[in-house]
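Here's the structure we're looking at; comments come further down.
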There are 2 protein chains.
Amino acid sequence: MRLVIARCSVDYSGRLSSRLPEAIRLIMVKADGCIAIHADGGAYKPLNWMNAPNTLVEDEAAWIVTNPAGERLTITLAEVLLDVSQECGEDPGLEKDGVEAHLQALLAEHPETLGDGVRLVRREYQTGIGPVDLLCRDSEGQAVAVEIKRRGEIDGVEQLTRYLHRLNRDPLLRPVRGVLAAQRIRRQARVLAEDRGISCVEVDYDALRGLDDGELRLF
Amino acid sequence: MRLVIARCSVDYSGRLSSRLPEAIRLIMVKADGCIAIHADGGAYKPLNWMNAPNTLVEDEAAWIVTNPAGERLTITLAEVLLDVSQECGEDPGLEKDGVEAHLQALLAEHPETLGDGVRLVRREYQTGIGPVDLLCRDSEGQAVAVEIKRRGEIDGVEQLTRYLHRLNRDPLLRPVRGVLAAQRIRRQARVLAEDRGISCVEVDYDALRGLDDGELRLF
DNA sequence: GTGTATATCTCGGGG
DNA sequence: CCCCGAGGTATACAC
């Protein structure tokens with residue numbers, strides 16, 4: 001990793017055009033060749049960046065970064081205040097717990113959370129326009145399509161609506177009803193869902209994990 | 001801005017839980033107190049981060065970062081290889097050209113691009129479930145709701161469908177027809193749109209800008 | 001490669 | 001605060 005702090009201006013031309021007037025910023029160059037330009041505040045997102053793979057041509061006054069897609073980043077250097085490099089080696093990577101996949105795994109183990117007598121038919125049931133998270137049958141034998149989100153929002157309702165429309169063409173399944181399951185469901189999403197006859201279930205992730213025997217398989 | 005390169009492990013607990021095994025990484029602390037931990041490759045996105053505002057408690061062996069939402073980041077330091085600080089001052093910010101807002105401004109100036117005789121009624125017409133980008137009337141006097149995207153995809157069709165459903169409840173407007181305008185429209189979006197009676201218009205941004213007198217107002 | 005969905009999305013704007 | 005929408009979204013994964 002190479003870290004340069006410099007007074008610089010930056011021009012980007014590619015998916016859009018942008019310009020950064022001269023100021024002091026951090027230029028971060030990673031081992032894979034990607035470049036990010038950070039202001040001293042705001043957020044983790046850089047002001048400008050170029051992902052790998054790209055080509056860096058560096059002279060005294062300017063750096064020109066280009067990539068195969070024809071995007072171009074030009075960094076014009078007025079004054080370099082810091083220029084250090086450090087070998088970092090491989091990163092073992094981030095281990096996550098608590099993402100949607102875990103919620104799906106837990107609900108697949110405990111489908112009764114979605115309603116008495118609900119049992120799992122398949123996870124990631126393919127519809128042709130994307131996979132339904134869970135396909136279940138309820139105590140009456142009716143098919144239930146379950147869309148799982150960390151947060152239930154309008155997009156999730158739209159997604160489930162598309163699946164239901166599709167699944168209800170299948171004579172072996174129909175009539176299929178829909179369930180939106182999420183740790184929290186926004187009011188507007190709830191309104192839209194109920195308007196379309198889709199049930200909403202808020203799931204307590206920690207309680208569900210407590211039900212589990214401790215062995216959590218992702219797939 | 002403070003830059004620390006250290007052999008460290010990191011634990012995050014908040015919206016999810018995550019753990020980073022020990023390795024050499026960059027810890028970036030910005031003037032507003034936000035913290036990001038970068039590996040030497042991958043992308044511009046850090047492995048872990050905490051946005052401002054937050055509280056940093058630093059001792060020799062570990063940094064503990066907490067925020068008002070109850071999220072917590074713990075950085076355990078094994079070896080510090082670099083620790084530099086640099087005052088950067090205010091950043092004048094990024095100036096963009098070519099985003100959706102520009103396309104909307106251009107189409108508002110030249111609604112005839114969307115069809116002969118089409119004239120603008122309002123930009124950002126409020127529907128109660130979000131604003132329609134442009135509300136127009138065509139040569140026959142029929143209301144036209146226009147959704148503008150840089151890239152036309154299924155989400156845009158869903159969005160416009162929701163608006164149309166809503167607008168068609170208004171006796172002063174109905175029947176309202178829909179137009180999806182974008183620089184490029186994906187095939188699947190086009191199929192879905194046509195299935196719902198929504199027209200698709202691909203817009204040449206540069207040509208449209210050429211039509212303009214050079215004065216481009218965003219709003 | 002396209003298509004689809006997720007994300008600690010981030011970020012900004014409006015009510 | 002919530003809600004909504006845009007993003008050079010990035011990223012992963014299936015077909």
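Within every chain, numbering begins at 1; the chains are lettered A, B, ... in the order of the sequence lines, protein sequences first and strands thereafter. Since the model is a prediction, treat every value here as computed from it, not as a measurement.
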- Assign B:R162 to base, sugar-phosphate, or nothing according to its heavy-atom contacts below 4.0 angstrom with the strands shown. sugar-phosphate

- Message: With a 4.0 Å limit, can you tell me whether B:K45 has a side-chain N or O closer than that to the phosphate oxygens OP1/OP2 of C:dA7?
- Response: no

- Between the side chains of B:E71 and B:Y12, is a donor N or O closer than 3.5 angstrom to an acceptor N or O? yes

- Atom-pair distance (CG on B:L73; P on C:dT8), nearest Å: 14 Å

- Item | Euclidean distance, atom CD1 of residue A:I35 to atom P of D:dG8 [Å, nearest integer] | 19 Å

- Query: Under 3.5 Å, is there a donor-acceptor pair between the side chain of A:D40 and the main chain of B:M1?
  - Reply: yes

- P atoms of D:dC4 and D:dG8, separation to the nearest Å: 22 Å

- So, does B:N67 use its side chain to make a donor-acceptor pair with the main chain of B:P53 at under 3.5 Å? no

- Query: Considering only heavy atoms and no angle criterion, is a donor-acceptor pair shorter than 3.5 Å present between the side chain of B:N51 and the base of C:dT10?
  - Reply: no

- Task: Would you indicate what B:G130 reaches in the nucleic acid, counting non-hydrogen atoms under 4.0 angstrom: base, sugar-phosphate, or nothing?
- Result: sugar-phosphate

- Item | Under 4.0 angstrom between B:R15 side-chain N/O and C:dT10 OP1 or OP2 | yes

- Message: Can you work out whether B:S18 or A:I129 has the more 5'-proximal nearest nucleotide on DNA chain C?
- Response: A:I129

- Counting heavy atoms from C-beta on, name the nucleotide in C:dT8, D:dA10, D:dG5 closest to the side chain of B:Y44. D:dA10

- Message: Distance check, P atoms only: C:dT4 and C:dT8, in whole angstrom units.
- Response: 23 Å

- Considering only C:dT8, D:dA6, D:dA10, which nucleotide approaches the side chain of B:E147 most closely? D:dA6

- Message: Under 4.0 Å from OP1 or OP2 of C:dT2: is there any side-chain N or O of B:R151 that close?
- Response: no

- Taking for each residue the nucleotide of DNA chain C bearing the nearest heavy atom, is the 5' side occupied by B:M50 or by A:Y163? A:Y163

- Message: In this structure, how many angstroms lie between the P atom of D:dG5 and the CG atom of A:L192, rounded?
- Response: 11 Å

- For A:C8 and A:R25, the nearest pair of non-hydrogen atoms, with its separation, is O-NH1, 2.9 Å

- Query: Does B:Q188 have a side-chain nitrogen or oxygen under 4.0 Å from the phosphate oxygens OP1 or OP2 of C:dT2?
  - Reply: no

- Message: Counting the atoms with a prime plus P, OP1 and OP2 as sugar-phosphate, which does A:E158 contact under 4.0 Å by heavy atoms, base, sugar-phosphate, or nothing?
- Response: nothing

- Can you sort out which residues in residues 88-96 of chain A have a heavy atom within less than 4.0 Å of DNA chain D? Ascending by number, please. none

- Item | From C:dT8, C:dT10, C:dG3, nucleotide with atom closest to A:A43 side chain | C:dT10

- Which nucleotide sits closest to the side chain of A:N48: D:dG8, D:dC4, C:dG3? D:dG8

- Tell me whether the OP1 or OP2 atom of C:dG3 has a side-chain N or O from B:R187 closer than 4.0 Å. yes

- Identify whether any heavy atom of B:Q126 sits under 4.0 Å from a base atom; if not, whether one sits that close to sugar-phosphate; answer base, sugar-phosphate or nothing. nothing

- Just checking B:E71: base, sugar-phosphate only, or nothing, at a heavy-atom cut-off of under 4.0 Å? base

- Report yes or no: do A:R123 and A:Q104 form a side-chain donor-acceptor pair below 3.5 Å? yes

- Task: Keeping the roles fixed (side chain from B:D91, backbone from A:A39), state whether a donor-acceptor pair exists under 3.5 Å.
- Result: no

- So, is A:Q159 near the phosphate of C:dT6, with a side-chain N or O under 4.0 Å from OP1 or OP2? yes

- Message: Between D:dG8 and A:Y12, is there a base-stacking contact, meaning the centre of the base's six-membered ring lies under 5.5 Å from the residue's ring centre while the planes stay under 30° apart?
- Response: yes

- Starting from C1' on D:dA10, measure out to CG on B:L47 and report it in whole angstrom. 14 Å

- Query: Which pair of heavy atoms, one from A:L180 and one from A:L160, lies closest together, and at what distance?
  - Reply: N-CD2, 4.0 Å

- Task: Calculate the interatomic distance between A:E153 atom CD and D:dC2 atom C1'; express it in whole Å.
- Result: 11 Å

- Task: Please say which of A:D11, A:V10, A:N48 ends up in a side chain to side chain contact (heavy atoms under 4.5 Å, CB included) with A:S18.
- Result: A:N48

- Message: Can you check the distance between C:dC11 and D:dT11, where both ends of the measurement are the P atom (answer in whole Å)?
- Response: 15 Å

- Query: Rounded to whole angstrom units, what separation is found between the CZ atom of A:R123 and the P atom of D:dC13?
  - Reply: 14 Å

- Task: Would you check if there is a donor-acceptor pair between the side chains of A:K149 and A:Q159 at a distance under 3.5 Å?
- Result: yes

- Query: What's the CG-P distance between A:D155 and C:dT4, to the nearest Å?
  - Reply: 14 Å

- Item | Atom-pair distance (CG on B:L16; P on C:dT6), nearest Å | 15 Å

